Amino acid sequence: MPIGSLVNLSFHGGAVKSSTFSGGLFINNEFVSSESGKTFQVANPSTGKPIAEVSEASAKDVDTAVDAAEYAFKNVWGEKVPGYERGKMLFALAEALEKNADELAAIESLDNGKAIVFAKYVDITEAASVFRYYGGWADKNHGQVIEVNDQKLAYTRHEPIGVCGQIIPWNFPILMFSWKLAPALATGNTVVLKTAEQTPLSALKICEYIAQIFPPGVVNVLSGFGPVAGAAIASHMKIEKVAFTGSTLTGRTIMKAAAASNLKKVTLELGGKSPNIIFDDADLDQAVKWSSFGLFFNGGQCCHAGSRVYVQETIYDKFMEKFVAHVKSLKVGDPFQQDTFQGPQVSQLQFDRIMNYIKIGKEEGATALIGGERHGNEGYFIQPTIFSDVKPDHKIMREEIFGPVVAVAKFKDEEDIIKQANDSFYGLAAAVFSKDINRAITTAHRLQSGTVWVNQYSILHTQMPFGGYKQSGIGRELGEYGLQNYTAVKAVHVNLGAPAPV
């Protein structure tokens, strides 16, 4: 794609009416065409129609980006730039996101299908918070002096790893962009990042700001497909660390490639089938609202979505009556309308996958109390769906659907719910609703999940780590814990006078 070729978007709602930016690959602070000249189309999930065409990265383009990142790391970044200077750049990027929030939210809603209210006030707002948070850490991620004896000075250094490869998903494009990029840059690494092929547009727009703030080669962003560009990143001999958010199946493939190449460091944030537990002493109205938000937010396209709801049997009927009524009130439709809660699913492939799970749920004997069908005649909209009469071995109770489909079941007591909740090879998140704080905390501690909410769901904070147990991932993102993913610890021993032993 020639550098001059542009993405031209128009928006029918919101504060911004249009946006224009390059659809090229962002390498060494320039937008360039792919080595092969290949491009691919990007569709609007509300209509299924193409809205843009962007360059498609090949393995050779990954090589070019890695070379740029390697040069930058050795010459203009890493330990060449003090932490406080890196922090200032991250602050500037946070400010750029906030200044252009309306335009970025419109791009995100058009490209991804999420409600524009959430795109602006959740995705962009939180992404700016992440860049600002790690900007503050940039000059504080230091080692320590360790007392050994009076004849030795012993200390540790926290050093950047080098060139890092990052692969982000399509469900939260801008937010995941920040989760990956911010800690890597704060600790002095350079980055080659691949966006999801379904949603490359918002990252390309942000690259305009990056080019004005960071030295060339520090951040390189490629649009492309997993089996080509993603595979090249995972197996690249000059990439020392790879971070991935996506499916557990793809995470396994990336680990194999990392091991078979240069045994690069790996962090993975993978799938989930998270239990949401409603005890009989819960505030029922609040539990209903949080449970609805915890699953149907972002069209159910959240790795931590509370897709397994367990209700204590003594309040099951009352909860279900309120739950069904509340979910019926959620507006599904045009993501550019201010009162829309749920937009379309991201693609035809995802739409078909979800509808197939709904079909399977019905065939296995579960009851669709509401939903279970397409919403409207255009785009990839699906009605919010609640299944009851779900058994532990049903696929809709065991497998990640990644859509607006929730499975609800009963439980008897604490021991019963711990057994049911932990009966999964996932362990990303969970929630407990109870007015008895002792019971809530005790239950939270027994759940095999990386994140547990008590009396709420799906509220994350930049300062708090996020990641999974079991097959939901390796490592943690966000908070101080997120710095560990991008830091090499060096131990230095300085002899102050001890004689040689022989």
Side-chain angles (χ1 to χ4, degrees), residues 40 42-43 45 54 57 107-109 111-114 118-119 122-124 126-127 130 164-184 191-204 206 221-231 233-234 242-255 266-274 297-305 307 343-351 353-354 380 400-404 426 428-429 450-451 458 460 466-468 471-478 482 485:
F40 65 94
V42 180
V54 299
I107 295 170
E108 198 80 328
S109 292
D111 193 17
N112 170 274
K114 67 178 64 211
F118 293 126
V122 176
D123 295 47
I124 284 88
E126 290 303 315
V130 171
C164 297
Q166 301 178 329
I167 304 171
I168 63 173
W170 46 258
N171 56 338
F172 291 94
I174 289 178
L175 195 54
M176 294 299 100
F177 188 80
S178 69
W179 281 28
K180 294 289 185 289
L181 205 58
V191 171
V192 176
L193 182 147
K194 189 194 86 67
T195 54
E197 60 267 26
Q198 299 88 344
T199 55
L201 300 183
S202 55
L204 292 176
I206 295 173
V221 177
L222 309 177
S223 307
F225 294 85
V228 179
I233 288 172
V242 63
F244 168 77
T245 296
S247 73
T248 298
L249 180 63
T250 304
R252 287 195 183 99
T253 301
I254 287 172
M255 282 198 73
V266 177
T267 52
L268 305 171
E269 196 268 277
L270 306 176
K273 191 68 178 178
S274 300
F297 170 62
N298 208 45
Q301 298 171 142
C302 299
C303 52
H304 61 261
S307 54
Q345 310 311 128
V346 75
S347 66
Q348 182 71 58
L349 181 66
Q350 188 64 13
F351 175 90
R353 184 175 183 271
I354 296 165
Y380 311 129
E400 185 177 37
I401 299 173
F402 223 65
Y426 292 117
L428 189 57
T451 292
S458 203
L460 299 173
F466 184 79
Q471 294 185 40
S472 284
I474 298 172
R476 294 294 181 268
E477 297 186 294
L478 298 181
N485 300 331

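Model, not experiment: these values are computed from the prediction.
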Heavy-atom pair with the smallest gap, counting every atom of Val42 and Pro200
CG2-CG, 3.7 Å
Let's go through Gln345 and Arg353 carefully: what are the C-alpha distance in whole Å and the side-chain angles of both, what is the deciding distance for side chain to side chain donor-acceptor pair (under 3.5 Å) to 0.1 Å, and is it a yes or a no?
CA-CA 10 Å; Gln345 310 311 128; Arg353 184 175 183 271; over 6 Å; no
Using side-chain contact (heavy atoms from CB on, under 4.5 Å), reason through Trp170 and Asp111 one step at a time and then give a plain yes or no.
CA-CA 9 Å; Trp170 46 258; Asp111 193 17; over 6 Å; no
To the nearest 0.5 Å, atom OH of Tyr426 lies from atom CD of Glu400 at 5.0 Å
Could you go through Ser223 and Phe40, starting from their C-alpha distance and side-chain angles, then the distance that decides it, and tell me whether this counts as side-chain contact (heavy atoms from CB on, under 4.5 Å)?
CA-CA 9 Å; Ser223 307; Phe40 65 94; 4.0 Å; yes
How long is the gap from CG on Asn485 to CG on Leu478, to the nearest 0.5 Å?
10.0 Å
Rounded distance [0.5 Å steps], CG in Leu175 versus CD in Glu126:
7.0 Å
So, do Pro45 and Asn112 sit near enough that their side-chain heavy atoms are less than 4.5 Å apart?
no
Are any non-hydrogen side-chain atoms of Ser202 and Phe177 less than 4.5 angstrom apart?
no
Kindly indicate, with the supporting measurements, whether the criterion side-chain contact (heavy atoms from CB on, under 4.5 Å) is fulfilled by Thr451 and His304.
CA-CA 9 Å; Thr451 292; His304 61 261; over 6 Å; no
Any Glu477 side-chain heavy atom under 4.5 Å of Thr267 side chain
no
After noting the C-alpha distance and the side-chain angles of Gln348 and Tyr380, does the key distance pass the side-chain contact (heavy atoms from CB on, under 4.5 Å) rule?
CA-CA 6 Å; Gln348 182 71 58; Tyr380 311 129; 3.2 Å; yes
Can you tell if the side chain of Gln301 reaches within under 4.5 Å of the side chain of Gln350, non-hydrogen atoms only?
yes
Do the non-hydrogen side-chain atoms of Val221 and Leu193 ever get within less than 4.5 Å of each other?
yes
Is the closest side-chain heavy-atom distance between Lys180 and Thr245 below 4.5 Å?
yes
Does Met255 reach the side chain of Ile474, with side-chain heavy atoms less than 4.5 Å apart?
yes
Does the separation of the ring centres of Phe172 and Trp179 fall below 6.0 angstrom?
no
I want to check something: taking the side chain as every heavy atom from C-beta on, are Ile354 and Pro404 in contact at a cut-off of under 4.5 Å?
yes
So, does Lys194 use its side chain to make a donor-acceptor pair with the main chain of Ile233 at under 3.5 Å?
no
How far does CD of Glu108 sit from CD1 of Ile174, to the nearest 0.5 angstrom?
4.0 Å
Does the pair Ser247 and Thr250 meet the rule for a side chain to side chain donor-acceptor pair (under 3.5 Å), with working shown?
CA-CA 5 Å; Ser247 73; Thr250 304; 3.0 Å; yes
Assess the residue pair Arg476 and Glu269 against the criterion (salt bridge (charged side-chain N to carboxylate O under 4.0 Å, His left out)); give the C-alpha distance rounded to whole Å, side-chain angles, the decisive distance to 0.1 Å, and a yes or no.
CA-CA 8 Å; Arg476 294 294 181 268; Glu269 196 268 277; over 6 Å; no
How many angstroms lie between OG1 in Thr195 and CG in Leu222, if you round to the nearest 0.5 Å?
8.0 Å
One should read off an interatomic distance between Lys273 NZ and Cys303 SG, to the nearest 0.5 angstrom, of 13.5 Å
